[in-house]
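So that the names make sense, note that chain A is the first sequence line, chain B the second, and so on, each numbered from 1.
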Number of protein chains: 2
Amino acid sequence: MTSAARPGKERLSEAAVLRLSLLLRSLAHLPTDGVETVSSKALAERFGMNAAQIRKDLAHLGEFGVRGVGYRVADLRARLGSILGLDRVRVVVIVGAGHLGQALADSGNFNGESFRVAALFDVDGRKVGGRSRTGVPILHVDELPRSVAELGAEIGVVTVPAGEAPRAARALADAGVRGVLNFAPATVGPFPAATVKNVDLTLFLESLAVHLSAAG
Amino acid sequence: MTSAARPGKERLSEAAVLRLSLLLRSLAHLPTDGVETVSSKALAERFGMNAAQIRKDLAHLGEFGVRGVGYRVADLRARLGSILGLDRVRVVVIVGAGHLGQALADSGNFNGESFRVAALFDVDGRKVGGRSRTGVPILHVDELPRSVAELGAEIGVVTVPAGEAPRAARALADAGVRGVLNFAPATVGPFPAATVKNVDLTLFLESLAVHLSAAG
DNA sequence: TACTGTGAAGTGATTCACAGCG
DNA sequence: CGCTGTGAATCACTTCACAGTA
């Protein structure tokens with residue numbers, strides 16, 4: 001799923017990235033009343049994780065815990081944000097201004113501290129020229145190369161029908177985004193210069209369905 | 001369904017379920033011109049998988065390959081559909097009639113051979129009583145227990161804001177659904193009688209972001 | 001003969017258990 | 001002390017290699 005090999009540093013497993021993301025978010029839920037430090041054990045208990053794993057994950061990205069004390073919460077936040085690449089805003093564009101595309105464009109999830117949806121793209125003449133409910137402009141797909149460059153977009157999201165997905169993803173990669181998030185149930189990529197992540201919503205439903213039959 | 005013939009009593013790993021789902025979908029892309037059987041090697045090459053793993057996955061759910069020949073495509077389809085619980089239509093309800101909820105309710109992904117969205121639920125009086133673009137009725141959340149029973153809904157999808165998610169998920173579980181698909185960035189469950197699957201869209205963006213910083 | 005089914009080997013990630021430090 | 005960081009043990013999953021069979 002990840003395309004470009006990274007020669008330099010030790011690789012962080014996909015699972016580890018997920019845990020760190022979750023951990024960073026969890027920190028927001030910590031009581032804010034004068035809590036300066038937190039131990040791996042406390043975090044593990046509070047958020048249902050394994051203390052050893054938290055320590056291992058954190059040690060992996062440079063020892064910055066304090067023995068006998070724990071981790072300084074502020075340090076932890078900064079460090080995680082930096083490692084996860086959330087320490088600055090990434091511009092996101094979405095190809096496919098259908099219901100899902102517009103829902104994502106307007107959603108708080110895709111417009112927070114670290115991400116901002118700057119444009120939607122579509123081929124439908126009735127949509128092009130308009131805006132989403134929160135004002136994200138809808139442009140023609142032909143504008144992709146120019147817009148991605150102008151906006152400095154780093155991430156492209158694909159919310160077109162499965163048949164169009166490979167073309168849309170390629171257009172994004174060619175336009176210069178470095179990450180592609182594909183919501184269509186289709187195989188796209190890999191591309192030399194862009195990481196692809198497939199999020200197949202149907203698959204999630206299906207993985208629930210198997211439990212329905214199996215359980216008793 | 002209670003006594004469904006399940007030769008392999010061992011648990012299928014989450015990863016295996018994913019592969020089998022993908023495999024079943026891949027079968028649809030096979031040339032249909034008189035192809036009766038297919039070998040693990042052929043499947044592996046065509047869809048970028050590992051032949052041994054395909055065999056192991058399939059052997060796990062009862063030996064039904066033919067040595068020297070391969071797998072009968074029709075058998076394979078039927079067997080996969082049955083194991084994955086896709087051999088009949090599951091009724092889905094969605095709590096949260098916002099843009100994402102309505103997008104999913106109307107999407108082809110959630111309304112196919114195996115799934116059908118039968119109702120949306122919300123607390124907003126302006127939405128309740130209306131319908132989505134494709135006609136899925138929007139009911140008040142208070143109707144959940146009655147509606148889930150009447151519709152025979154087995155799966156509930158949560159598309160409410162994070163703060164409301166735990167409440168919504170619990171309402172679904174209490175109403176009797178057996179699977180919950182949670183799109184909110186919040187921890188819900190676990191519940192004794194329902195399987196929970198969290199699909200945190202923010203996490204996907206974040207996992208792309210880490211690649212953006214690392215490369216260069 | 002060409003393939004499946006599977007024991008064995010290999011790989012990677014998780015957990016344990018404790019040495020070492022503030 | 002209490003806690004981190006980490007080698008060792010464990011566990012889970014993947015791949016290999018081949019025996020066995022229609």
Side-chain angles (χ1 to χ4, degrees), chain A residues 1-2 5-6 9-23 26-27 30 35-80 83 207 210, chain B residues 6-23 27 30 35-80 83 207 210:
Chain A
M1 210 177 269
T2 42
R6 217 78 68 224
K9 295 266 296 182
E10 327 135 4
R11 211 177 69 77
L12 215 41
S13 80
E14 200 68 15
V17 169
L18 205 103
R19 284 194 300 269
L20 292 174
S21 260
L22 239 22
L23 189 61
S26 296
L27 291 180
L30 279 184
V35 179
E36 289 278 308
T37 64
V38 64
S39 72
S40 60
K41 184 157 167 287
L43 283 171
E45 279 170 8
R46 174 71 182 73
F47 302 111
M49 307 163 175
N50 176 297
Q53 183 142 69
I54 292 176
R55 289 201 300 279
K56 201 146 234 178
D57 283 344
L58 295 182
H60 233 248
L61 26 119
E63 317 181 6
F64 61 106
V66 184
R67 289 168 195 243
V69 177
Y71 301 89
R72 299 230 320 274
V73 176
D75 269 14
L76 197 46
R77 274 219 189 79
R79 189 80 210 187
L80 286 176
I83 289 288
S207 99
V210 72
Chain B
R6 287 196 302 125
K9 56 200 170 193
E10 314 127 15
R11 194 181 65 86
L12 272 182
S13 78
E14 199 69 13
V17 169
L18 206 103
R19 284 194 302 270
L20 292 174
S21 258
L22 240 23
L23 189 61
L27 291 180
L30 279 184
V35 178
E36 289 278 307
T37 63
V38 64
S39 72
S40 60
K41 185 157 168 289
L43 284 171
E45 279 171 7
R46 174 72 182 73
F47 302 111
M49 307 164 174
N50 176 295
Q53 182 142 70
I54 291 177
R55 290 202 298 280
K56 201 144 236 182
D57 283 345
L58 295 182
H60 246 242
L61 24 121
E63 316 181 6
F64 63 106
V66 184
R67 287 166 196 245
V69 176
Y71 301 88
R72 298 230 319 275
V73 176
D75 269 15
L76 196 46
R77 274 219 189 78
R79 190 79 211 185
L80 285 177
I83 289 290
S207 100
V210 72

Practice item. For A:Leu76 and D:dG5, give me the distance from atom CG to atom C1', rounded to whole Å. Key: 15 Å

Review point. In whole angstroms, how far is the P atom of D:dG5 from the NE2 atom of A:His60?
Key: 12 Å

Practice item. Sequence neighbours left out, what passes side-chain contact (heavy atoms from CB on, under 4.5 Å) with B:Glu14? Give chain and number order. Key: A:Ser207, A:His211, B:Lys197

Review point. Which pairs pass salt bridge (Lys or Arg N to Asp or Glu O under 4.0 Å) with one or both residues in residues 68-78 of chain A, sequence neighbours excluded?
Key: A:Arg72-A:Asp75

Check your understanding: According to the salt bridge (Lys or Arg N to Asp or Glu O under 4.0 Å) rule, which pairs have a member within residues 47-64 of chain A, sequence neighbours left out?
Key -> A:Arg19-A:Asp57

Exercise for review: Could you check which residues of residues 45-55 of chain B get a heavy atom under 4.0 Å from DNA chain D? Sort them by number, please.
Suggested key: B:Asn50, B:Ala52, B:Gln53, B:Arg55

N/O donor-acceptor pairs under 3.5 Å from side chains in residues 41-49 of chain B, not counting sequence neighbours:
unit_1: B:Lys41; atom_1: NZ; unit_2: B:Glu45; atom_2: OE2; d: 3.4

Kindly give the atom pairs (protein nitrogen or oxygen, nucleotide nitrogen or oxygen) under 3.5 Å for nucleotides 19-22 of chain D.
unit_1: D:dG20; atom_1: N3; unit_2: B:Arg67; atom_2: NH1; d: 3.3

Review point. Between B:Ile83 and B:Val17, is any pair of side-chain heavy atoms under 4.5 Å apart?
Key: no

Practice item. Would you sort out whether B:Leu80 and B:Leu23 count as a side chain to side chain contact (heavy atoms under 4.5 Å, CB included), showing the intermediate values? Key: CA-CA 9 Å; B:Leu80 285 177; B:Leu23 189 61; 4.2 Å; yes

Study note, to complete from the structure: chain B reaches DNA chain C, atoms under 4.0 Å from its heavy atoms, from C:dA2 to C:dA8

Point to revise | Residue list, side-chain contact (heavy atoms from CB on, under 4.5 Å) with B:Val66, at least two apart or on another chain | key: B:Val69

Review point. Does the side chain of B:Leu20 reach to within under 4.5 Å of the side chain of B:Leu61, using non-hydrogen atoms?
Key: yes

Check your understanding: So among A:Leu58, A:Leu27, A:Thr37, which one has a side-chain contact (heavy atoms from CB on, under 4.5 Å) with A:Tyr71?
Key -> A:Leu58

Report all interatomic pairs (protein N or O, nucleotide N or O of nucleotides 7-9 of chain D) with separations under 3.5 Å.
unit_1: D:dG7; atom_1: O6; unit_2: A:Lys56; atom_2: NZ; d: 3.0
unit_1: D:dA8; atom_1: N6; unit_2: A:Lys56; atom_2: NZ; d: 3.3

Check your understanding: Through what angle, rounded to 10 degrees, does the axis of the helix from C:dT1-D:dA22 to C:dG22-D:dC1 turn between its ends, using five pairs per end?
Key -> 10°

Review point. Could you state the CD-C1' distance from A:Glu63 to D:dC3, rounded to the nearest angstrom?
Key: 13 Å

